[in-house]
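Here the structure comes first, spelled out in structure tokens, and everything after it is commentary.
Letters A, B, ... are given to chains in the order of the sequence lines, protein chains preceding strands, and every chain is numbered from 1.
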Amino acid sequence: MIRARVLCQQAGRQAGGVILALLAASGLLLLAGASPVEVFRQIGLGAFGSVTRLADVLVVWGPLALVTAGLLVTFAAGLWNIGIEGQIVMGAIGVTGSLRLLQDAPLPAWAVLSVALAAGMMAGAAWAMLSGLLKTVGGVNEIFGGLGLNFIASALILWLIFGPWKRPGIGSMSGTEPFPDSLWLPALAGTRLSFWSVALGLAAVGAVALLLSRTVLGLRLKAVGRNFRAAYLLGVPAWRHLLLAFGLCGALAGVAGFVQVTAVYHRLIPSISSGYGFLGLMVALIIRCRAAWVAPVAVFFAAITIGGIQLPIALQLDSSLSGVLQGLLVLGVLFSDGLRHRAAARP
Amino acid sequence: MDITLQDIRKTFGRVIACDRVTLAVPGGTIQGLLGENGAGKSTLMKILSGFLRPDSGEIRLDGTPVIFRHPADAVRTGVGMLHQDPLDYPTLTVLENFMSGRPERFFPSRSAATRRLRELAGTFGFAIDPRACLDTLTVGERQQLEILRLLSLDVRVLILDEPTTGISAAQKAQLFETLRRLAVEGRTVLFVSHKLEEVESLCHRVAVLRSGALAGAQVPPYTTAELVALMFGRPIVFPQREPAAPGRPVLELRALSAMDDRLRLAPLDFDLRAGEVVGLAGLTGSGQRLLLRTCAGLVRPVAGTVRVNGRDLTGQVYPSCRRHGVVFVPTARLEEGLIGDMNLSEHLLLVQPPRRLFIDRPRALEAAEERIRDFAIRGSPDSLMRELSGGNQQRALLSLLAPPLALILIEEPTRGLDLESAAAVWTRLRAHCRAGAAILFLSSDLDEIRAHSDRIVVFFCGRSSPPLDPSRTDREELGRLIGGKGWDREAAG
């Protein structure tokens, strides 16, 4: 009961920011000559108008929830893991590589997929810990390290798709040769949605929520994030915890890469991350590290992404509008948070 | 300038920081403001200097009511404040700091400002190089610069909040001389402190604050006992130094040397025995801090060895020193010592080796309750550290030190604490000594060093004196050594 009330209070406080964002978006739409009400209605219809659409929203939700759950760990440790995009990409590369190795081996599909999942997690974690090592050993801020590693990861995926892993004949932006159906995560009939994608997302969110609220490790990660120096002097192995936070986040990004390869695209494509890394950063910013909010806010963002797809057909508006809307939401919520903090701090 | 504060009231949430304080200070006076930590001295002065706005009440300058919306308002009207921690720009030069905060043309004249700075510095006998970078100055010199800056802005009321923390004895004498001179010129000085002897030697009159309200006032001749009674409303028990029974050596330093970007520690041989307290004296940045941090494994020595309980810990990092019973307690409590956004029970969980996966909340709360009782911390298990007063933060920090400890390295154990909190801190540290720990501490407060050390080591420019016996070393001799005099004789002896 008390928990529910706290959640309601938090929602109430964020409502101001959401309204602010919607007002700003409406202003923009009016400038563009479109009716805001109609646009919001179309987005709603596009996201929830049919079972297929709803399934598409959940297709986005799975990897987005995975990525956001991972980012909560790095945020708790005070880290801006901008390299998350590259970690999804490396996870997907790890998955694809292991599937390519094992797809002709005499093994049951579940065994091959399990190995691929483990490989994806390890690849994502390793790429994230590279950011961590750059920071702990070389003093490279994780934002710059992450940006650099993102570029390297996207160069690597392009080279693989157009080089060693290219389709028989000619490499193309459409990606590698699709895997056999047996290595696809099973989808619900008539949709692209896999039960496993949602289950993995829910499990990750639950595990991270438990980690951060109930465990000694979570407390130590938060201590390192809030005051690195004091945590170190109080006897917490602070550097190791930074690396661990990177590793956990990268592993979850690797799982997102696994879902993208085995449940959504069934092959490796250049834009395998679909920008979910940055979208996850936005979700994590908006919910300010409160794990209970990952699931609903990720649904909201996934709905805007999917709902925006039909804007060009219905209203002759560009579908990049959904990105604008998501950005405005983040800015609105952060801005109203900032205003409230200033008001509270004023003497 | 005459100052009248009339019925000033200020609350922060449910805490009443100032409760209808009325105080009148005539021009040309040095007014002392005494009170323990959290008595409301700083709040009152921040209101007078425009940093805070009162909930109610009135400020009158020469009889005219004024309302400051901003500290700059106050400076324009002639009220300037020196804060406890200098509010300056360490990365800029002295001259640039001097020029900050003044209304200037778009292209300010550096040469005119330089002339003005030299002229003012000359008047008061301060040796300040305008071209130096601010972060090469001592706290005392930064304070001198800030006084000159405020004077150049023509302030007629100067407020100083705990100005003697972290400055040397010589700088203190110079500061007091300056303040007396400013008062003779007709300026009003408000001197905030919790150190009785300073207020007694400097101030023309003293007001005492307790729990946000004016507890009383005195004019010379002061009676210390009455002032203490006014400040605390209760008698204080001071911990007595117990002569240490020399135990086995805990810390053995052999030809130890270390470096930071400013200083090189001259090779040092030194033994510290169980149950012993050794105080390190010296001007800020003379090497005592570097030595503590080297012993803690926070700075890597460039030569020599560090042994703790016979084990060679040379070059080991802090976590491994900590495993061998060495703890380091830093000066900057909220920056380095504690996590401001976490509470005491969470801190207790952090310092324990993690034995289980999940947090046992009831047990953590119970443990925190116990520490709060034992250490007389004013707070609850879930009060955040940044909400506690300085004295309670220091008690909380000490409550995290779990025996058995071999060596406690502590910087400024009672900096910024009132008498009662300071007494409590030393009572606790003594208890660790009785349990077999040795303590190495540094302090800029000579009286603290003399009162609590079994032996004293003085530092000057990276050199260290042989250990001195506090009962056979008077204040003056210590002061001379700290100021760099008599070192050749010491070295010979």
Query raised in the report: So does A/Phe300 have more than 12 non-hydrogen atoms from other groups sitting under 6.0 Å from CZ?
Result: no
Query raised in the report: Who in residues 203-220 of chain A is close to chain B, using a strict under-4.5 Å heavy-atom cut-off?
Result: A/Leu210, A/Ser213, A/Arg214, A/Thr215, A/Val216, A/Leu219, A/Arg220
Report task. Sequence neighbours left out, what passes side chain to side chain contact (heavy atoms under 4.5 Å, CB included) with B/Arg371? Give chain and number order. Result -> B/Leu344, B/Leu348, B/Phe375, B/Ser399
**Report entry** Heavy atoms from other residues, nucleotides or ligands near OH of B/Tyr318 exceed 12 (cutoff 6.0 Å)
**Finding:** yes
Query raised in the report: Is chain A contacted by the side chain of B/Leu298, its backbone, both, or neither, given a heavy-atom distance below 4.5 Å?
Result: side chain
**Report entry** Heavy-atom contacts under 4.5 Å, residues 228-258 of chain A to chain B
**Finding:** A/Arg229, A/Ala230, A/Ala231, A/Tyr232, A/Leu233, A/Leu234, A/Gly235, A/Val236
Query raised in the report: Donor-acceptor pair, A/Asn227 side chain versus B/Leu334 backbone, under 3.5 Å?
Result: yes
Report summary line: Among residues 119-144 of chain A, those lying within the under-4.5 Å heavy-atom range of chain B are none
Requested in this report: Check whether B/Leu350 gets within reach of chain A through its side chain, its backbone, both or neither, counting any heavy atom under 4.5 Å.
Outcome: both
Query raised in the report: With a 4.5 angstrom heavy-atom cut-off, which part of B/Pro330 approaches chain A: side chain, backbone, both or neither?
Result: side chain
Query raised in the report: Of the backbone (N, CA, C, O) and the side chain (C-beta and beyond), which part of B/Arg323 lies under 4.5 Å from a heavy atom of chain A, both, or neither?
Result: neither
